[in-house]
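Note: hydrogens, waters and symmetry copies are ignored here, and every other heavy atom, side chains too, is used. Throughout, a chain's letter reflects where its sequence line sits, starting with A, and its residues are numbered from 1.
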Amino acid sequence: MVISSATADPQNRLSRGTMLSSIKLPIVIRAEINLVLVVLTALGVFSRLYGIHFPKAVVFDEVYYGQFVSLYMKRVFFIDESGPPLGHMILAFGAYIGGFDGNFIWNRIGAEYSSNVPVWSLRLIPALAGSLSVPLCYILVVELGYSHLTALGATLLFLMENSLIVQSRFMLLESVLIFFLLLAVVSYLRFHNSQSSSPWRLVWLLLTGVTCACAVGVKYMGLFTYLLLLGLAAVHMWQLIGDRALSNSVILVQVLTRFLALVVLPLLLYLGFFYVHLTLLYRSGPHDQMMSSAFQASLEGGLARITQGQPLEMAYGSQVTLRSVSSKPIPCWLHSHKANYPIRYENGRGSSHQQQVTCYPFKDVNNWWIIKDPGRQDLVVSSPPRPVRHGDVVQLLHGMTSRFLNTHDVAAPMSPHAQEVSGYIDFNVSMPAQNLWKVDIANRETEQEVWKTILSEVRLVHVKTSAVLKLSGSALPEWGFRQLEVVGDKIYKGYQPTGVWNVEEHRYGRSQEQKERELELHSPTHIDINRNLTFMAKFLELQWRMLTVKQETSEHKYSSSPLDWITMDTNIAYWLHHTGNAQIHLMGNLVTWSLGNLALMGYLLLFLSYLLRRRRKIEDIPEDTWRQLLLAGVVCAGGWAVNYLPFFMMEKTLFLYHYLPALTFQILLIPVVLEHVHTHVLRCTSHRRALHGAVLAGLSSVYLTFWKFSPLTYGHPELSAEQLDSLRWKDSWDVLFRRH
Amino acid sequence: MAKKECVTKCKGESSMLRNRRGELQIGEPKSPVSTHHESTQDSSKDNRLSEGDDQSSNGTLAQYDHNVYSPNNETQSTVYFLVVVLLSFSTRFYKIKEPPHVCWDETHFGKMGSYYINRTFFFDVHPPLGKMLIGLAGYMTGYDGTYPFLKPGDKYEHHNYWGMRGFCASLGSCLPPFAYLTVLDLSQSSTAALISAAMLVFDTGCITISQYILLDPILMFFIMGSVLCMVKFNLQISRPFSAPWWLWLVLTGVNLSGALGVKFVGLFVILLVGLNTTWDLWRLLGDLDLSLVDFGKHFLSRVFGLIILPLFFYVTIFAVHFVVLNKSGPGDGFFSSAFQSRLIGNNLHNASMPEYLAYGSTITVKNLRIAGGYLHSHWHLYPEGVGAKQQQVTAYLHKDYNNLWLVHRPNDSNGEPDLVRHGDVIRLEHKETTRNLHSHRHEAPLTKKHFQVTGYGINGTGDPNDLWQVEVCGGRKGDLIKVLRSKVRFLHRATGCVLNSSGKTLPKWGWEQVEVTCSPYLKETPNSQWSIEDHINTKLPNISLAVLKPHFIEILLESHIVMIRGNSGLKPKDNEMNSKPWHWPVNYQGLRFSGVNETEYRVYLLGNPVIWWLNLLSLGLYLVMVAAASLALHRGVQLDKRRIERCRVLREGGGLLLLGWLLHYVPFYTMGRILYYHHYFPAMLFSSMLTGITLDTLLQSADLVLDPPYSYWLFKGGKAMLFLTILYSFYLFNPLSYGMRGPLAHDPASTMAGLKWMDSWEF
């Protein structure tokens, strides 16, 4: 659009001089198109940006995204399993512009923002993305080959969609996602429609790749539309390959270009997002414990502070904490304390009544163990230190209680098929010591490898029973202080992270006396060396953790099932004034939603009837129109389907806002179907006039509904209880009001 | 440079020559079956006619080609077929009686077979056909249904178990012959067919799974039967509405109903046949020579053969199931009161109890949602963080004394046995724990929009939150409440919400029972309606109540909902090592059928790794080959006739099998239920058949790189190597199926020493 206006301008100046009356007409038309788009954009900006600093309180999921924004500002590392980091970074950029220092406690929806929070700039970027989606809708419909009037209709419907407005006006990610999705589709269509010689063609292709990556980078949901576009591109490419007029080399170049732009480029960009993310967040924080020790050691101030300068190689006499490599159910350290297993469990089984050995998810002085040579008595590191290697047999002595790590043929408390692990000391009772363990380094490169701090993943294999020291995954009851159970597993197979441990904190022991040693254990370690993970290693670990972290699947008060979305049987209360009845709801324009569903059904009906009739060689519509209808179907109906249907297979907690991308595509389908019906189905003028009337009636009822619900969209003006009650069009909607 | 060009050109010419020879053998009429494929391709027919003359002049050479690549004369394939049948039955029946104890899931399916013989009603998550057939086989071979099938490892002793095993084994033995015929029809190459059959005959996994009392051999029999009949039906393309056309159509339908009648996995093969039929109809629709009336006939005949007929058989299976099982048994509680009254021995069968609900009665309250469960409570509290820490109230599907509740007036707990009326306010006291049914404004554990329901107070003392107003749905004030027949709602007095069962399963702390909530949404749904099932009041006279007999369709619907819910309820346990779908094609981990220790007789369900890995390799190979073939055709590369025919087999025959594999494998990725290794076996059948076609095509394509006769030698040599490899791997791994004793494989003294190629195998 911008290009066409630029070319129109000089013409305009010329025309003023000479042929004023005759050339005026085409220029006016061109200018009008531009104007429409400009006006629509302005309306979009107005509707999305108007008064976004209100309410000055935390609105719904802002409470969730806000904490990450704060962490970005403070450069503190975090993991968010809900999506890749680009979305959070975009929100954080808004905070950066506004000069937010990150000091706000995001704990409660409705909490008033303090003065240091730049509310306006925090909400600016999503609102801008929402506003710019408005002209994108227009361009998309035009690129699909439909008239400007149709495009105008689509844009108006998009403009007056309450749910999209609400979602754009706060610090939330859906509007950013929708913006990228629309841009990706628009740029791909531009690429497809432009002449093969045009230099802009490549730019549009590259833009498609970039925006696809951005969409996926904001939310994993973007993947669905990306796959749809890839499918479309594959079909177009297959048609190209079938063109026998083209030489093989031309086709090879085309295929390679598209592959690079649509597959390789997005992949690289995706990596790039993580690179920026990891570069920005270099300080340790609350989510450290979910990562491996090596990862934590790369963060400033976290484990790095503790482990900096630890000796690298284990030696006899080393004091260590052993962390389970598995972080399920939670990361923890091998632990023991002055409490014994109960003589009898609740179910009547007996135990050894020796000291408990558990896995404890917090740092504690009781997590310290000393590696002892079974053949010698001393507990200090000799000089030079004698390193512990793969295959060596050691004893592990608990630092604070001087019990040896021991396992024997007694059933473990919670997992009776496995052996109990206990802290053993010789009291001359009938039970013999079975406290020899073989060091088996799982990730060794040579058979002589030395056991290394953090880096080595070690299995401790019990010498007598060949059981492997393992985290069972169950928690002990009250008598075990709800700590995690550790067992000896005799049927241990292959590589299970629960059976592998690494040394996290490590120092060479210096004190022979128990009292001195206890003091030593309480003191922090500090010596100095540096360890670095490569970016790829960090990326892979972070990505894997994000995908495997168990998500809470519990129901939320406002969560809903995908079936409720099409008919909008559900809404979400985003904000309620703490005294009055002013409130904001995520609630769509019911008329638009119904029209969307009708359009979808209409499209399917049209498509099926044309398909069957064409098969019988009955051509109702020209080939070009059929192609156009097909492309519109793939983009709009396909866009709806790929963004909606997968939710039926998801087990996570779902909300109405997950439907918004699908809704966007569905809205675009409404005028497309109408135009097709108008030009190709209705033959008689009176029918067409009736359709015009229906369209006008539809648009005005959309506008009226939009206006009626706008108090719930903008949170202003405040409505009375009766007015609110009259807005409750469906029984299942939750509208809140206070009775005075 | 010029020289090089010449060389390639000359080479090209020689290959052209060779190709022409290749074309000839296609030109020969092979069998009546193969001709109509070609009739669909008009262009190919013309070519063939023009080549006709060369055929006589070059006859001997063409004959030679023909015999090497597709020795497709009748006698030879019959001999091959008989060999396959013989080998298949002998491998499956060898040592069928060993081990003479219950193995793995025999404990379930054997037990259910016995239920049929004893006519005891039970509940299972699978449809009944498989178990019915097992029961029938047992009955026919003299098993009397008295063996309890308590747990794996129990000795059968004098009981007649071999009949049931033999029945399963004979169905399992049909799989390789079916595969042979299917691939032969798809590819017209007996080599491909023989490779597929050999992969199945010598696969230890297929042997093991066929040898025991399990549903899988029955299921796979029907799946392969459907595919075979469908392929045969496709071959009748040129003779619509002829007798064989109808025969194969109807047989396909029958097999489909059989597959679905054994397990819901049968849906995947229905999908496969459905897609194939859609494609077929699409082709017919595009044939403008065919009038719309004719098309309508085609369409309706398929609707009849593939939808109505299977549906009829499927419903019949259930009808037989319900007629045969007429005694009360372990599955009663899953079903509605009306259904239970059909069962002899159930307390509702010819029930007699006081007709109207009265104060002081002991009752059970059943939710009206299908498979809704009884209102239940027990001596356990809601855990920390889940609403108030009071006693749990749940819905429970089994009959239990904890389902009993006492009906009281709000204040006193005794008094006259007055009748309860619509609109009365009552207090429900849990008989076992003496807590009152209670609700308050706390979020329910799972459905957060609803309120929590708890048991509160003791010995009748409580608070106003224990009061519920009884309403008969559609009733008026003062109406009496009929036991069993009235639909009742319980409105909570203090909050105005209604007692509701959400149907969601509580986590471990709630013993995986169903959540009960109090819903503020007053819409009338079965979830919020209850009926009084048992009603005990000594002060009132018992009256015989004829419960409305449920309609057969209702029972059918009810049992399906119960089955589907049961299936999705089989969630993986947290601590168990779960089998994941990606494990299966790589043969990552098997299943222990029998025995764990060194002293025991061990059978381990694990595919022959050579065969399985060959399958995996072939899948990749197939994709590459089919991509190359499609690309060549799409770009219009000049190909000779024989190669075009190979491309067709690869794309159509192979495509069908690949689709079958995908349909039987991919859906498992989306399933939340617990998965086992043996779920892959139907997919493995398709994968093996695909391997046959892929490897055969690959070997035949040897002439792309070698000139004849070397390419023929390569073809023959490759074929021989393949069969020898399969045979040798079977020789190595057969103890997995036929039993191992002595030390485990990691011990050098074991018979399986050195064969534990993956750490995850447990033998």
Q) So which heavy atom on A/N248 is nearest to which on B/R635, and how close? A)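 Closest heavy-atom pair between A/N248 and B/R635: OD1-NH2, 2.9 Å.
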Can you name the nearest heavy-atom pair linking B/R283 to A/R615, along with the distance?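 Taking every non-hydrogen atom into account, CA-NH2, 3.6 Å.
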Does [X] have more than 12 heavy atoms from other residues, nucleotides or ligands lying within 6.0 Å of its [atom1]?
X	atom1	value
B/W582	CH2	yes
B/Q638	CD	no
A/K730	NZ	yes
A/W729	CH2	yes
B/F299	CZ	no
A/W238	CH2	yes

- Message: Counting C-beta onward and ignoring hydrogens, is there a side-chain heavy-atom pair between B/Y521 and A/D734 closer than 4.5 Å?
- Response: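 Of all side-chain heavy-atom pairs linking A/D734 with B/Y521, at least one is under 4.5 Å.
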Legend entry - Proximity breakdown for B/L633 and chain A, heavy-atom pairs closer than 4.5 Å: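 Interface part for B/L633: backbone (N, CA, C, O).
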Heavy-atom proximity to chain A below 4.5 Å, by part of B/L284 =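 When you check distances to chain A, only backbone atoms of B/L284 fall under 4.5 Å.
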**Message:** Under the rule for side-chain hydrogen bond (donor to acceptor under 3.5 Å, both in side chains), what residues qualify as partners of A/E478, not counting sequence neighbours?
**Reply:**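 Applying side-chain hydrogen bond (donor to acceptor under 3.5 Å, both in side chains) to A/E478 gives A/R482.
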Q) Side chain, backbone, both or neither: which part of A/L612 has a heavy atom under 4.5 Å from chain B? A)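 Both backbone and side chain.
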Exercise. Check whether A/I618 gets within reach of chain B through its side chain, its backbone, both or neither, counting any heavy atom under 4.5 Å.
Key: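 When you check distances to chain B, no heavy atom of A/I618 falls under 4.5 Å.
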So how far is it from [X] [atom1] to [Y] [atom2], rounded to the nearest 0.5 Å?
X	Y	atom1	atom2	value
B/T670	A/F648	OG1	CZ	14.0 Å
A/Y558	B/K449	OH	NZ	8.5 Å
A/L611	B/W282	CG	CH2	3.5 Å

Check your understanding: So, does A/R616 use its side chain to make a donor-acceptor pair with the main chain of B/G286 at under 3.5 Å?
Key ->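 A pair under 3.5 Å: no.
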- Any donor and acceptor pair, going by atom type alone, linking the side chain of B/H634 with main-chain N or O of A/I241 inside 3.5 Å?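 Pair absent, no side-chain N/O of B/H634 close to backbone of A/I241.
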